[in-house]
Amino acid sequence: MALPVPASERFDDERICAVFSHKLTANLAGLGWIGKSCLLITPENGPRVRWTTILTNAPLTPTGKPMKNLCGDCRKCVDICPVKAFTGSNFSEDEDRDVRYDARKCELYLENLEKQGKLPVCGLCIYNCPFGK
Ligand code: SF4
Ligand code: SF4
């Protein structure tokens with residue numbers, strides 16, 4: 001049996017999150033690490049990737065292991081964010097996302113752009129990541 005999980009489908013408006021974390025799954029599968037931007041960073045393309053997940057009970061052999069965080073001293077995503085949505089903390093699986101990222105700040109910023117008649121897009125945290133440039 002295989003169950004596809006779509007990308008970017010919001011499940012919880014309060015927490016602003018999906019029902020399932022593709023980023024954490026990709027991290028556990030060894031495809032990248034979760035950066036200070038809370039995005040999954042790949043060595044090849046940085047955060048410029050789109051994920052989907054297929055849950056299956058097929059008898060697959062697991063490959064990979066969680067990839068080491070390579071953000072180091074970099075703060076490019078933290079410093080460029082116009083609303084300072086990131087705290088600069090590194091990902092820790094024991095901590096809630098709020099320790100690193102205030103998703104509401106990002107959402108309000110995009111909503112305000114729209115109210116001003118501008119396109120509600122930003123992505124500076126993606127643009128500024130040196131990995132994959
Ligand atoms: S998309 Fe823009 S506002 Fe939202 S977290 Fe990234 S840099 Fe900040
Ligand atoms: S911009 Fe720097 S700190 Fe942010 S995710 Fe990319 S490598 Fe990590």
Side-chain angles (χ1 to χ4, degrees):
M1 188 184 78
L3 176 66
V5 182
S8 300
E9 187 175 6
R10 188 181 292 191
F11 172 73
D12 186 333
D13 270 336
E14 185 79 21
R15 293 194 63 240
I16 310 181
C17 66
V19 69
F20 184 87
S21 174
H22 300 295
K23 293 183 288 187
L24 190 56
T25 310
N27 173 241
L28 292 173
L31 298 173
W33 69 94
I34 296 177
K36 290 174 188 166
S37 58
C38 285
L39 298 167
L40 198 285
I41 314 297
T42 63
E44 305 84 7
N45 300 301
R48 298 163 201 88
V49 286
R50 197 82 166 151
W51 301 102
T52 193
T53 303
I54 296 174
L55 302 176
T56 179
N57 59 0
L60 303 174
T61 305
T63 59
K65 56 183 179 183
M67 191 177 285
K68 186 172 174 278
N69 187 320
L70 298 179
C71 285
D73 294 334
C74 177
R75 284 179 51 93
K76 284 177 174 280
C77 56
V78 179
D79 294 337
I80 201 171
C81 176
V83 289
K84 303 296 172 216
F86 306 116
T87 64
S89 295
N90 279 313
F91 170 76
S92 167
E93 60 186 34
D94 302 329
E95 290 177 339
D96 199 75
R97 186 188 65 185
D98 294 347
V99 172
R100 302 178 304 279
Y101 173 50
D102 187 339
R104 187 68 58 196
K105 282 187 179 176
C106 177
E107 175 149 284
L108 286 174
Y109 177 62
L110 300 182
E111 283 176 7
N112 283 333
L113 287 177
E114 198 162 25
K115 281 181 195 156
Q116 294 165 33
K118 298 175 182 168
L119 276 178
V121 291
C122 177
L124 285 171
C125 49
I126 298 173
Y127 167 79
N128 223 23
C129 185
F131 282 91
K133 271 200 169 178

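Both counts, for ligands and for their atoms, begin at 1 and track the order of listing. Below, all heavy atoms of this structure are taken into account, side chains as well, without hydrogens, waters or symmetry copies.
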If you have a sec, work out which protein heavy atom is nearest atom 6 (Fe) of ligand 2 and how many Å separate them, to one decimal?
C129 SG, 2.4 Å
Under 4.0 Å to a heavy atom of I41 - the qualifying atoms of ligand 2, by number:
5 (S)
Take K133 and Y127, measure what side chain to side chain contact (heavy atoms under 4.5 Å, CB included) needs, and give me the verdict at the end.
CA-CA 9 Å; K133 271 200 169 178; Y127 167 79; 4.3 Å; yes
Just jot down the ligand 1 atoms closer than 4.0 angstrom to any heavy atom of C122, in number order.
1 (S), 2 (Fe), 3 (S), 7 (S)
Would C81 count as a contact for atom 8 (Fe) of ligand 1, in the sense that one of its N, O or S atoms lies under 2.8 Å from it?
yes
T53 versus T25, closest heavy-atom pair with distance:
CG2-CG2, 4.2 Å
Return the residue, atom name and 0.1 Å-rounded distance of the protein heavy atom closest to atom 7 (S) of ligand 1.
C125 N, 3.4 Å
A side-chain contact here means heavy atoms from C-beta on lying under 4.5 Å apart; do M67 and P43 qualify?
yes
Write out the residue and atom name of the closest protein heavy atom to atom 5 (S) of ligand 1, then the distance separating them to 0.1 Å.
F86 CZ, 3.5 Å
Under 4.5 Å between any side-chain heavy atoms of N90 and S92, yes or no?
no
Is the distance between atom 4 (Fe) of ligand 2 and the nearest N/O/S atom of C77 smaller than 2.8 Å?
yes
Near F131, which atoms of ligand 2 are under 4.0 Å from a heavy atom of that residue?
7 (S)
Check ligand 2 against C74 and write out every atom of the ligand that is under 4.0 Å from a heavy-atom position of the residue.
1 (S), 2 (Fe), 3 (S), 7 (S)
Ligand-residue contact atoms, ligand 2 with S37, heavy atoms, under 4.0 Å
5 (S)
Do you know which two heavy atoms are closest between P130 and K76, and how far apart they sit?
CD-CD, 3.9 Å
Check whether any N, O or S atom of C71 sits under 2.8 Å from atom 8 (Fe) of ligand 2.
yes
Atoms in ligand 1 flagged as close to Y109, the criterion being non-hydrogen separation under 4.0 Å:
3 (S)
Tell me, do L31 and W51 make a side-chain contact under 4.5 Å, heavy atoms counted?
yes
Heavy-atom nearest neighbour in the protein, as seen from atom 4 (Fe) of ligand 1, with distance rounded to 0.1 Å:
C106 SG, 2.4 Å
Just need the protein heavy atom nearest to atom 1 (S) of ligand 1, so name the residue and atom and give the distance.
G123 N, 3.4 Å
When rounded to the nearest 0.5 Å, the distance separating CG of L39 from NZ of K23 is 5.5 Å
A side-chain contact here means heavy atoms from C-beta on lying under 4.5 Å apart; do W33 and N27 qualify?
yes
Which heavy-atom pair separates C71 from G35 by the least distance, and what is that distance?
SG-CA, 3.5 Å
